[in-house]
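All residue numbers refer to positions in the sequence shown, counting from 1. These numbers were taken from a predicted model, which means no experiment stands behind them. All values below come from the heavy atoms of this structure, side chains included, with hydrogens, waters and symmetry mates left out.
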Amino acid sequence: MTEYQPPAAAHGVPPDAHGDPNATAHVTVYDAVVLAGGAARRLGGADKPAVRVGGRPLLDRVLTACADARATVVVAGPRPTARPVTWAREDPPGGGPVAALDAGLRHVTAEHVVLLSADLPFLDARTVAALLDTLRRSAADGVLLTDADGRDQPLVAAYRVPSLRRELAGLSVAHGGTAGLPLRRLTGALDLLRISDPVASFDCDTWDDIATARARIREHGHVLDEWISAVKDELGIDLDVDTGVLLDLARDAAHGVARPAAPLTTFLVGFAAARAGGDADAVAEAARKAAALANRWAEEDAQDTADASPSGGAEPETRTDAG
């Protein structure tokens, strides 16, 4: 088990990989190989990739993190997934991670590959981008994450495909195949860089790990992002929008009109944005118009209240000789 730690900035991650708006990001073309065929003995033989965290199977959470891969290969028996993938199988099935990687690489054509296990609930696209960007800037064979204890996590890593194929070919010749070989026999021969990231490298080997992951995503600082990501996956939406704008709109509609106006207004904004093209700019423009309308309602209500109060107009005449 990789020990869970609270979220913290990854050490050694290039600034532009963490979304610096002033940096020019270089997009690295890559393929992804996800290993999802383990026996999960510490989960009592449960189908670990299908175990749900935050309402989504662990495998789908990992596939979301590498959604911009040119091709994604999942080494396991086929199953329904939220995103299209290519399926592969090691020979023999259950032959271990080296044999599974070998099978996955047979479907890879990019020069860079992200190798991932299927049990990483907190992996996200920014971490994948950081791994790839660090690899691109270096002459190393690969870049992997380390966990809270400084241990290498070679199944949360980006590699140069020619380097992997070279070492796999050597192992196959030396051992008559790759089945049953530990992954360290492969990675030990590679020149690797390391990024410390206790959160993204957290994996789920036990039911305690699953419980920890499920609890963490419901914490106040994470629950909205987790929920939005889950809904987008469920609905097949890849749109990135400014959630702060939508939350501000819901607040303004609730306070300026009536509480039920909040969910109804955000629904109508989404509908209008879809009719206008459905991109992030369309959402922002529809939200701006609706927010302005909600503010006008609130201003009218405030003015009516002021006009109706004694202090809102002329003081009433109270002298005994008035009139």
Considering all heavy atoms of both residues, which atom of [X] and which atom of [Y] are nearest to each other, and what is their separation?
{"X": "Ala291", "Y": "Leu249", "answer": "N-CD1, 3.5 Å"}
{"X": "Thr187", "Y": "Pro154", "answer": "CG2-CB, 3.8 Å"}
{"X": "Gln153", "Y": "Asp203", "answer": "OE1-OD2, 4.2 Å"}
{"X": "Leu59", "Y": "Ala36", "answer": "CD1-CB, 4.4 Å"}
{"X": "Ala103", "Y": "Arg89", "answer": "CB-O, 3.6 Å"}
{"X": "Leu116", "Y": "Ala157", "answer": "CD2-N, 4.4 Å"}

Exercise. Which other residues end up in the same hydrophobic cluster as Phe267, if Ile, Leu, Val, Met, Phe, Trp and Tyr are linked when side-chain heavy atoms come under 4.5 Å apart?
Worked result: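 Members alongside Phe267: Leu268.
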
Problem set entry | Hydrophobic cluster partners of Leu115 (side-chain heavy atoms under 4.5 Å) |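 Traced through the cluster, Leu115 reaches Val33, Leu35, Val73, Val75, Val98, Leu101, Leu105, Val108, Val113, Leu144, Leu155, Tyr159, Val161, Leu164, Leu168, Leu171, Leu181, Leu183, Leu186, Leu190, Leu192.
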
Given 3.5 Å as the limit, does a donor-acceptor pair link the side chain of [X] with the main chain of [Y], or not?
{"X": "Thr134", "Y": "Leu131", "answer": "no"}
{"X": "Glu90", "Y": "Gly94", "answer": "yes"}
{"X": "Thr127", "Y": "Leu123", "answer": "no"}

Exercise. When clusters are formed by joining ILVMFWY residues with side-chain heavy atoms under 4.5 Å apart, either directly or through shared neighbours, do Ile217 and Trp207 land in the same one?
Worked result: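 Cluster IDs for Ile217 and Trp207 match.
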
Are the charged groups of [X] and [Y] less than 4.0 angstrom apart, N to O?
{"X": "Asp60", "Y": "Arg52", "result": "no"}
{"X": "Glu226", "Y": "Arg214", "result": "no"}
{"X": "Arg160", "Y": "Asp141", "result": "no"}
{"X": "Asp147", "Y": "Arg151", "result": "yes"}
{"X": "Asp152", "Y": "Arg194", "result": "yes"}

Using distance alone, with no hydrogens and no angle criterion, decide if [X] and [Y] have a side-chain donor and acceptor under 3.5 Å apart.
{"X": "Thr206", "Y": "Asp208", "answer": "no"}
{"X": "Arg136", "Y": "His112", "answer": "no"}
{"X": "Thr212", "Y": "Asp209", "answer": "no"}

With heavy-atom distances below 4.5 Å as the criterion, would you say the side chains of [X] and [Y] are in contact?
{"X": "Asp102", "Y": "Arg106", "answer": "yes"}
{"X": "Asp197", "Y": "Thr146", "answer": "no"}
{"X": "Arg165", "Y": "Pro162", "answer": "no"}
{"X": "Val74", "Y": "His107", "answer": "no"}
{"X": "Ser172", "Y": "Glu167", "answer": "no"}
{"X": "Leu246", "Y": "Val283", "answer": "yes"}
{"X": "Glu111", "Y": "Tyr30", "answer": "no"}
{"X": "Val51", "Y": "Cys204", "answer": "no"}

Problem set entry | Evaluation steps, side chain to side chain contact (heavy atoms under 4.5 Å, CB included), between Leu120 and Arg61 | CA-CA 8 Å; Leu120 302 165; Arg61 296 178 72 89; over 6 Å; no

For this session: Could you walk me through whether Lys48 and Ile210 pass side chain to side chain contact (heavy atoms under 4.5 Å, CB included), step by step?
Result: CA-CA 10 Å; Lys48 181 161 65 170; Ile210 297 292; 5.6 Å; no

Working to the nearest 0.5 angstrom, can you tell me the gap between [X] [atom1] and [Y] [atom2]?
{"X": "Asp191", "Y": "Ser138", "atom1": "CG", "atom2": "OG", "value": "7.5 Å"}
{"X": "Phe202", "Y": "Asp119", "atom1": "CZ", "atom2": "CG", "value": "9.5 Å"}
{"X": "Ser201", "Y": "Ile195", "atom1": "OG", "atom2": "CD1", "value": "11.0 Å"}

Exercise. Could you walk me through whether Thr81 and Trp87 pass the side chain to side chain contact (heavy atoms under 4.5 Å, CB included) check?
Worked result: CA-CA 11 Å; Thr81 54; Trp87 296 98; 3.8 Å; yes

Problem set entry | Arg166 atom CZ: more than 12 heavy-atom contacts under 6.0 Å |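 Atom CZ in Arg166 is packed in, count exceeds 12.
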
For this session: Mind checking side chain to side chain donor-acceptor pair (under 3.5 Å) for Arg70 and listing every partner two or more places apart, or none if nothing turns up?
Result: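 If we apply the side chain to side chain donor-acceptor pair (under 3.5 Å) test to Arg70, skipping adjacent residues, the hits are Thr109.
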
